[in-house]
Amino acid sequence: MPAPSYGSIFKALLPIDLIFVYPQWNIQVGNFLWWLPLLAAFAITTLLVWQCGFINPKSRIALRPSLARPLLFAWLFFCISLVPVMGFADVGYMQYSLVADHYQQIAIIGLIALIAAGISYWHSSNDANRVFGPNLLAAVYVGGLTLLSFHQAEEYRDPVTLYGSTLAKNPACWLAHNNLGSMANDAGHQQAAIDHFNASLLLKPDQPKVYSNLGAALVDNGQLQQGIESFQQL
């Protein structure tokens, strides 16, 4: 089941359980649940357009145009910025995963601008006593994001830690096994490298690069015949 349409927004506002390589989706076009995010996006867009009065000036229900229009702009900015990474065109990284946190780095600019504008408006329309609570909440939130950033950065201190953490969260990541195998082979740990390459091929048996890496590790480990057989898979 795919993440809902607000999934990337949620990850932007509360960046927890981040993974360097997320599990690959197995899209089922015939399953109605896979269409729900797209339908939800259309529904939200239609509702905001309706609230702005673009369809019928007398049709607004709850939101004032002064509020609905900034929401619509931020929403459209977010959605349009994600179009290049929605799979309409091939992106090399998508052979590993169809989703990635860095895909939304431009898209969240609209969301951040909306929040900043809302805070600025709140400050300008209220006295100092009424803005203390929101200011404190904002400070706690930013402090929490800072702590999460330090925690996340620990996973990036070296490649072995990064790919090991990736496998702990996504055991089906054949790329992590392949990369850990290459590093193990370079460090002279051929048997560990062979184990990683075999694990990678169990997950993704159609990768010539992994067969090549496995062949090299087998030859380095003195298993010449097995190495040749691996190279023959190319």
Side-chain angles (χ1 to χ4, degrees), residues 1-28 31 33-34 37 82 85-87 90-108 140-218 220-221 223 226 230 233:
M1 173 65 192
S5 58
Y6 54 81
S8 55
I9 296 178
F10 174 81
K11 286 287 188 179
L13 296 176
L14 190 61
I16 58 176
D17 297 327
L18 304 181
I19 308 178
F20 183 63
V21 181
Y22 285 92
Q24 186 64 285
W25 288 357
N26 180 23
I27 298 176
Q28 303 171 29
N31 187 340
L33 295 177
W34 283 88
L82 288 177
V85 292
M86 284 185 175
D90 287 336
V91 177
Y93 181 80
M94 289 182 177
Q95 65 180 305
Y96 313 123
S97 176
L98 294 178
V99 294
D101 294 312
H102 65 270
Y103 286 170
Q104 64 168 328
Q105 289 175 350
I106 295 178
I108 60 175
V140 172
Y141 177 67
V142 172
L145 291 179
T146 302
L147 291 176
L148 287 173
S149 297
F150 275 109
H151 175 73
Q152 187 68 23
E154 282 294 311
E155 296 187 6
Y156 290 81
R157 64 177 179 267
D158 58 68
V160 174
T161 300
L162 175 60
Y163 292 115
S165 174
T166 300
L167 278 178
K169 299 175 182 178
N170 178 15
C173 183
W174 64 269
L175 173 67
H177 274 299
N178 179 63
N179 289 355
L180 285 171
S182 295
M183 288 182 285
N185 195 47
D186 291 341
H189 307 303
Q190 274 71 44
Q191 188 54 55
I194 292 169
D195 292 341
H196 277 297
F197 293 137
N198 282 326
S200 180
L201 288 171
L202 284 175
L203 295 167
K204 189 75 171 177
D206 59 347
Q207 289 298 313
K209 181 178 180 180
V210 183
Y211 280 109
S212 176
N213 291 338
L214 174 60
L218 288 167
D220 291 342
N221 200 41
Q223 299 170 260
Q226 293 93 325
S230 181
Q233 301 297 319

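We count residues from 1, following the sequence as given.
Residue pairs satisfying the salt bridge (charged side-chain N to carboxylate O under 4.0 Å, His left out) criterion with at least one member in residues 159-170, sequence neighbours excluded, are listed as follows: E155-K169. Under the salt bridge (charged side-chain N to carboxylate O under 4.0 Å, His left out) criterion, no residue pair touches residues 12-23, with sequence neighbours excluded.
Proximity of the aromatic rings of H102 and Y93 is defined here by a centroid distance below 6.0 angstrom, and this criterion is met.
Remark: D101 pairs with Y22 by the side-chain hydrogen bond (donor to acceptor under 3.5 Å, both in side chains) rule, at least two apart or across chains. Scanning for side-chain hydrogen bond (donor to acceptor under 3.5 Å, both in side chains) contacts around Q223 gives N221, with sequence neighbours left out. In this view, A199 and H177 satisfy the side-chain contact (heavy atoms from CB on, under 4.5 Å) rule, not counting sequence neighbours. With sequence neighbours left out, L201 forms a side-chain contact (heavy atoms from CB on, under 4.5 Å) with V210, Y211, L214.
Looking only at distances, no side-chain donor or acceptor of Q233 sits under 3.5 Å from a matching main-chain atom of P208. Panel note: side chain T146, backbone V142; a donor-acceptor pair is recorded below 3.5 Å. Put simply, the side chain of N198 gets close to the backbone of I194: a donor and an acceptor are under 3.5 Å apart.
Counting all heavy atoms, side chain and backbone alike, A12 lies closest to Q104 at CB-OE1, 3.5 Å. Across all their heavy atoms, V21 and S97 have their closest contact at CG1-CB, 4.1 Å. Among all heavy-atom pairs drawn from S230 and G215, the shortest one is OG-N, 3.3 Å. The shortest heavy-atom contact between Q95 and Q24 is O-NE2, 3.6 Å. Shown here for F197 and N178, the closest heavy-atom pair between the two residues is CE2-O, 3.3 Å. Residue P23 comes nearest to N170 through the heavy atom pair N-ND2, 3.4 Å, listed as atom of the first residue, atom of the second, then distance.
The NZ atom of K209 sits 10.0 Å away from atom OG of S200, with the distance rounded to the nearest 0.5 Å. With rounding to the nearest 0.5 angstrom, the CG atom of N179 is 4.0 Å from the OH atom of Y163. Note that CD1 of I16 is 11.0 Å distant from CG of L145, once rounded to the nearest 0.5 Å. Considering NE2 of H196 and CG of N213, their distance stands at 12.5 Å, rounded to 0.5 Å.
The local environment of CG in L162 is crowded, with over 12 non-hydrogen atoms from other residues, nucleotides or ligands closer than 6.0 Å. The number of heavy atoms from other shown groups lying within 6.0 Å of CG (D90) does not exceed 12.
Under the 4.5 Å side-chain criterion, counting only non-hydrogen atoms from C-beta, P159 is in contact with M183. In this structure, the side chains of T166 and L175 stay at 4.5 Å or more apart for every pair of heavy atoms.
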Could you walk me through whether N26 and W34 pass the side chain to side chain contact (heavy atoms under 4.5 Å, CB included) test, one step at a time?
-> CA-CA 10 Å; N26 180 23; W34 283 88; 5.6 Å; no
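Using a 30° and 60° split on the angle between ring planes, F20 and Y156 fall in the perpendicular class, above 60°.
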